[in-house]
Structure formats: structure tokens, C-alpha cells
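All ligand and atom numbering here is 1-based and tracks the order in the structure.
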Amino acid sequence: MQSTLTKKQLGVLIKNRLSRHYGISAEEADRKQMYKTCARTVVEILSDKRTRYYQKLKDQEKKKVYYLCMEFLVGRSLKNNLYNLGLEKEFRDILKEWNFDLEELYEEEPDAGLGNGGLGRLASCFMDSLATMEYPAMGYSICYEYGLFKQKIVDGWQMELPDIWLPGGDVWLNQRNDLSFRVKFNGHVEEIWTKDGLTTNYSDYDEVEAVPYDMMISGADSEGVAILRLWRARDVDKFDMKSFAKGDYNRAMNEKMNAELICKVLYPSDNHFEGKTLRLRQQYFLVSASIQNIVSDHLQQFGTLDNFSEKVAIHINDTHPALCIPELMRILLDDHQFSWDDAYNMVMNTVSYTNHTVLSEALETWPEELLKQQFPRIYGIIQGLNEAYCQEMWNRYPGEWGKIERMAIMSHGQIRMAHLCIIGSSSVNGVSKLHSDILKSQVFSDFYQASSEKFTNVTNGIAHRRWICQANPRLTRLLDDCIGQEYKKDGRKLADFRRYSENRSILRQLRDIKLANKIDFSNLMDKKGISIDPHSIFDVQAKRLHEYKRQLLNVLKIISLYLDLKDDSNLDIPPQTFLFAAKAAPGYYMAKEVIRLIWHLSAEIEKDPVLREKIRVVFLENYCVTMAEALMPAAEISEQISLAGKEASGTGNMKMMANGALTIGTMDGANVEIFEAVGKDNIFIFGMSAEDVERKWAEGYAASSYYHNKEKVHRVVDSLRRGFNGESFDTIYRYLLVGDYGVGDPYMCLADFEDYLKVHQQLLGVYQDQHQWNRMSLFNIAGAERFAADRSIMEYANNIWNITPLH
Ligand code: 26Q
């Protein structure tokens, strides 16, 4: 990677800044001061770079994409930006002269945890690709004061603590004092007939000011900088003078508190819809501020909206920003006097939508009444869209009331946000081949029949520079030696690594690298008082805790092994460490129960000095991006065991394979494409396919039949009642056998259990043959070739957004 600043120049920049901010010299600074100063220096470098880049973009009048998402799981920024700017060495060297260790400074930075998991991390990986490939792009989200909660486990039970990231994280945010927009809530809408036709009058509304804070993300070895614009809510009338004058001080202050409540905290539910009014207000706040900003920028540059959809693409990441569709309609209709049809066509030609889930409990539906009360004008426009669409379908499918009812935006007093998105977008995509097929054939099949041209797939990808080059420098050096540097900008080149599959020296080096990474990770854990044997197999399941992801199935497997070992402690199995990392949504009882089970099982095993040499269970507290960056390079087995048909894609699966872990998984989400990439000999697949699952439901599924007929199932399930570490897990026992509907758990753990055990045994057998294992690992690293976020972004750019890079 290129750099333009010398160590000396950097030294001057940093010293000047230290003296300006703190009045101290480099030798006097403490670590925190030095971290902040380095971060501020990087921000200054980025600002210059951005100015140059944005001028070029403007000169070229390029079409731009705006990526709207309620979450961006950014993680840390210092290391990523230094790496991408090609300045890591210069910073490291100058800091060393002042007795600072750059790696230690990195540790000073809190994670920007403005996301729940996969969806938010994907958005962040995409920003990296957009900047690196010099696509004109901007991300929009909310500047939450508190990100995703910090997890603490007390006696096995998850507790949530606030994530206070801004002191320390704020250095990356540039407040744009010159820019703000007003977002209107509540009030009344009147329709008025004038000589020019129907107009609307909106009155009695409340207003909140949206103030942008920009985070800059450097492209890697490129001129590009992506801006992530985070909105903060501020009270418009800083103070309610009327109440104040009347002596009502509390009320005068309360008004202000209400506005600022909007960006107080990120909702912590992942893959689960929570119909809270404040969440809806957050969504509209993001959407309204962003769309106003986009339209006003466009007008400033072009002086007209006639070419809007030729110059602007707006992408909505899941349905959460769906209100941008009626919001853009509103601006075109009310502020710019577009006709309804022109406005609708303009919106449709501008907006595209990605779906991230097929779980019915995650699909957003909001009560009509709530929308009507919160944003009456937006409600009216949604009604209009609904009526027009139903009419169109009526003309197309006369008499098919059932079908039209199924497709409507509004039904039974609810607004279906996914339908609004499909109807208001020109493109709808899923995030893996299987997922996109399920959207077409099941979830949105009526829409697919009506408008098949809208539907497409873009399989997810990861920022491989972050997840390989930055997170795993040892592997990066080996790759550089073997296949050169090209893969950094062109992920497909990773495929060249396949050439080394018969090279014993390279395979041994791969093994040494994995061991060194495992030792690093256990040293890191040592500091937290957790002891892990780096010579045991690292078997990792790291992802949000959710029933469909089946952490419970993994636990059942471990219990089975544990019971085997209790029966015969001489059992010949290689030592294994089962690592779990997962946050549960705070109100998700069953998820918290599973954490409790993992924790007590771990405690029970720890008490047995013989057994714990063979298997150990570790629950890693407070999983976050930074922990993932240490964990992925150390993982040997990647657990991707969701019930087939439920995981839209998964991206942890890609991160682990890229770092040489082998997948044990079901044919779900992107696992299917990982299987295609590495071939059947380099992955451990088990369990029912998505079709098998459908068939099983149709035939009639009963968990108890597995319990009664399969001896191993019986034994494991019974052990839950007896419990571990003195705690019973009767709730989980009943969940598995009875569930909410009397047929057992809805994610069919017991149905896949025996096959899972069998394939896991097989995997342990292969592990004994180190040469074979390393070869498989190599094929996984090479196979990660197609899972670079750069590839995903190129597909979006070419097939959906129709944008081209700067050069
Ligand atoms: C919605 C309404 C109210 C409150 C919260 C939410 C909400 C928040 C987050 C709903 C869903 C999410 C997150 C979903 C998510 O992360 N999905 C994951 O997206 C990844 C990227 O495409 C996929 O790889 C995963 O398979 C998918 O589960």
C-alpha cells in the first residue's frame, strides 16, 4: 500500500497537535492522549483526501449511491485507516521513537458498535469496498449515543450494560455545523382543492433538527474516501420559553429530552421485529434527514430534479429505512409539484432493496394507526401507493381477491414494510443464492410472478483486507510470498493459492501460523483470567444467539461427548476447546437460557481435572468486532449449523474460511456456495436440506419420535433435566420435546442431531491427519476468493445501481 507522508512529517503533525490540544510534548503524553492525537491526525489526513476526491467526483458528474441502513457495525477505525492509507509503518516507527507501541494504542479505541450483527457489519464492509474501488458513495445512519449493549455474564445469566463509546470514539466524527435538516412528526394533514388541483396542508407538527456527524473511511491504496453520515437529533427550539416563563421548568427541559431520545440507543434485537414507537421514529428520522440531504445536494449540483434517478441510486438495507419511499414521494409531490405518476416512477427508478431474512417474526409490520399519528402525510402517501398497486393488480388478475390481499401493502390494519419496499423499488435482492431462491419461490412468490425482472441475488462478502490482511498478518505474509500482493485489491486472486496444495513446506507453515494465532488468542484470554490450551482444537461458534442458529444443537453435541467421556475417560479423542461467543437480545428468554446452559456445562467440566484436559467449553463474554478480529484467525472449526432455509447468508462463515478454518455446517445460506467453492472434500456438511425441512413439516414432525427411537438423543435430552453444575435445564428439555406447538422445537435440533454427531466424529478423524487437514485449510483460504465484499459491491454497482468508479 502506498503512502505519501514521511515519518518525519508525521512526527511534526503529531507533535504540533499534542502541543495545541494538551500543551505537552510527545514524551509527556500518556497513552490515551497519544491515541486521540494520532486519531485526530488521521482524520486531518482523511479530510484532505476527501476534499480532493469529492472535487473529482463532482467534476465528473457521476451517479452516486446512497446506502441507508439503521446500523453500521464499524468496530475500530485507527488500524483500518492507517492500513488503508498505507501509513501503519510510518506511525509505528515514529511512535517507537517516543516509546509508544502502536498495537497498544489501538487498544485505547472503543468499538463503534452501532449495529447488532451481520447486517450492520455487512454495511461496514461495503463502505470499505466502495471507498477502495472509488465508487461515488455515501452511507447514512444514526449516531446512537449508546451502541449495542455490553454483555456481562453473572452466574451464567446475561446482563446488559450500556455501551458508552463516544468518549474515545468521537474523535472520528466531524460535526458538520454548516448543515442540518428538520424532521417533522405528528400533527394534521388537510387536503385542499385549489385551481391547480389537490394540495395538502400539514400543520401542528413537532420538529426535530437532524445534525450530521461524518465518519470518513479511507479506501485501501486508492484515492477514495467513503463518508458515513450519522444523524443526531437536536431539539429545534433549544428551550421551551413559554413553559419556562410560566415557571414550568421541568416541562421546558423535557421537550428537549424527547427530541434527543431519538438517537439515544440502538435497539438490540437482531432478526426480530420489535414494534416500538421510538424505533419507528428513529427510522423516519434517518430517512427524512437523509432524503432531504440527498435532494438538496442534487439540486445544488444540477439545479433540477428531472435527472434525479440518472444521478442518484438509493439503497435500503432491509426494510428498516423503507419510509424513504413515501418520504421521497412526499418531497417530489409537495415541495416540487411532481404528478403522482411521475413521482412514483422517479422513486421506483431510484430505490433498490435488500432483504436479509425469511423469518416471519423478523418481517416488519407497523400498525396503520401508529403511522397515521406519527407521520400523517407519509401515511396518506402509503395509502395512495397501496390503492394504486391494488388497482394495477386488479386489472392484471381480475377477480383474484385472495392474491391481491396477499400482495397489498396494507392489510388488517397493518402496514407490511417489505411489500412497500418491493412495490417502491426497481430491484429486490437476497444475500445468497439459496436465500434469493427462497424469496422468489416462497416469501415473495406472488411478487416474483408479477414482476420477475425485479428479483436478483447478490451473495454477501467480507472486507477481506480487514479480515485477512489486518487481522491475520502471519497468513498475509505467507500469501504475499506465495501469490504476490494482487489479491489485496482483487480477491479472486486468492484462488492462486490452490497451486500450493501439494507443497509440504507451505502446508507446514499454514499449521504453524494457525498455532501461533491460537497462542496469541489464548494469551489474550489469559489476561481475562480464562485459560485455554492452544494445542487443543479450536471449535468456534460466534454469532448472535438465536434459536434458528442452533447454538443448542452444538451444546447437545458437546454434552454427548461429555457423557461418552464420563463413561470411558480413556476414550481416544483429540483435546478440543468449544468456544462460544454470542449476545442474546435482552428480552429473549430462551436465548438467555442457552447461554446459561453453556456456562454451567462449562463450569461442570472445569471441576473435573481429567475431563477438562479433553474437552473444555468457553463462553467468551461481550463478543464484538474487535474480539472477532482476534478470534477468526485462531479458529480451526467453523460451526455454521442453522436449520436449512433459515440463515439468509451468514458472513462469519466467510471470515473463518478465509482464515483457514474448516466448516461443519448445514446446506444453508452462503454455506451452499462455500461448499461449491471448496468442493465436497473440504467441508463437513450434515443434516437436512431446505427441501428436506419443508418435506418434514409436511409429513408431520414430532421431536419426541427422535427422543424415543434414538438412544443418543434420549440420553442427551435426559441429561438436561438432571442438569449441570447443580442447575436443572427443564425449560430447555421441554422446549426440545414439546415446544410451543406440542411437536418439539421449531428448529428441529433433534432431527439433525445424529448426523451432526457422525460428521463431527469424521472431522475429528481427519484432524488426526495433519497434512490432510492443512491441505483442506488451504483450499478454504483459496476458496474465499469469491467472498470478498469487493465482488458483492461490483455486482451491486453493475447490476443494480448502474454506477461506475471514478477512473
Ligand atoms: C427491526 C425492527 C425493530 C427492531 C429491530 C429490527 C432488526 C434489527 C436488526 C431486525 C433485523 C436486524 C438484523 C438482521 C441481520 O443481521 N440479518 C443478517 O444479515 C446478514 C447480512 O446479510 C446475513 O448474513 C445473516 O444471515 C442475517 O441473519
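Nearest to atom 17 (N) of ligand 1 by heavy atom, out of Asn271, Val458, Asp318, Leu280, is Asn271.
The protein heavy-atom contact nearest to atom 23 (C) of ligand 1 is Gly650 N, 3.7 Å. Counting only heavy atoms of the protein, atom 15 (C) of ligand 1 lies nearest to Leu119 CB, 3.5 Å. Of all protein heavy atoms, the one closest to atom 1 (C) of ligand 1 is Arg279 NH2, 3.5 Å.
Polar contact check, Asn116 against ligand 1: no nitrogen or oxygen pair lies under 3.5 Å apart. For a threshold of 3.5 Å applied to N or O pairs, the pair formed by His356 and ligand 1 contains at least one separation below that value. Close N/O approach between Ser269 and ligand 1 is not found [any backbone or side-chain N/O within under 3.5 Å]. For a threshold of 3.5 Å applied to N or O pairs, the pair formed by Tyr548 and ligand 1 contains at least one separation below that value. On a distance-only criterion, Gly117 and ligand 1 share no N/O pair closer than 3.5 Å. No N or O atom of Val431 sits closer than 3.5 Å to an N or O atom of ligand 1.
Screening Lys184, Gln374, Glu327 against Tyr284 for a side-chain hydrogen bond (donor to acceptor under 3.5 Å, both in side chains) leaves a single residue, Glu327. Among Trp801, Tyr67, Tyr353, the one residue that satisfies the side-chain hydrogen bond (donor to acceptor under 3.5 Å, both in side chains) test with His315 is Trp801.
Residue Met133 holds its CE atom at 10.0 Å from CZ of Arg791, rounded to the nearest 0.5 Å. If you take NZ on Lys152 and CG on Leu161, they are separated by 7.5 Å, rounding to the nearest 0.5 Å. Ser689 contributes atom OG, which lies 11.0 Å from atom NZ of Lys696 (distance to the nearest 0.5 angstrom). Summarising the geometry, atom CD1 belonging to Ile262 is positioned 6.0 Å from atom CZ belonging to Phe285; distances are rounded to the nearest 0.5 Å. To the nearest 0.5 Å, atoms NZ (Lys264) and OH (Tyr146) are separated by 5.5 Å.
Near Ala648, with a cut-off below 4.0 Å to any heavy atom, the atoms of ligand 1 are 26 (O). Close approach of ligand 1 to Glu274 (heavy-atom distance below 4.0 Å) involves ligand atoms 2 (C), 3 (C), 4 (C). Ligand-side atoms of ligand 1 in range of Phe273: 2 (C), range being under 4.0 angstrom from any heavy atom. Every atom of ligand 1 with a heavy atom of Glu71 under 4.0 Å away is listed here by number and element: 8 (C), 9 (C). Those atoms of ligand 1 that come under 4.0 Å of a heavy atom in Glu647, given as number and element, are 25 (C), 26 (O), 27 (C), 28 (O).
Contact annotation for His320 and ligand 1: only side-chain heavy atoms (C-beta onward) come within less than 4.0 Å of the ligand. With a heavy-atom cut-off of 4.0 Å, Lys276 does not touch ligand 1 at all. The proximity of Asn460 to ligand 1, defined as any non-hydrogen pair under 4.0 Å, is limited to the side chain.
Looking only at side-chain heavy atoms (C-beta outward), Thr666 and Arg550 come within less than 4.5 Å of each other.
Using 4.0 Å as the threshold, Thr357 has no heavy atom nearer than that to any atom of ligand 1. Contact analysis leaves Ala362 out of contact with ligand 1, as no non-hydrogen atom separation drops below 4.0 angstrom.
Checked for salt-bridge contact, Lys557 and Glu639 meet the test: a charged N lies under 4.0 Å from a carboxylate O.
In this structure, Tyr588 has its ring center closer than 6.0 angstrom to the ring center of His546.
Cation-pi check for Arg281 over Phe185 is met; the charged atom lies under 6.0 angstrom from the ring centroid and within 45 degrees of its normal.
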Between Gln640 and Gln541, does a side-chain hydrogen bond (donor to acceptor under 3.5 Å, both in side chains) hold up when you go through it step by step? CA-CA 7 Å; Gln640 308 299 337; Gln541 189 170 18; over 6 Å; no
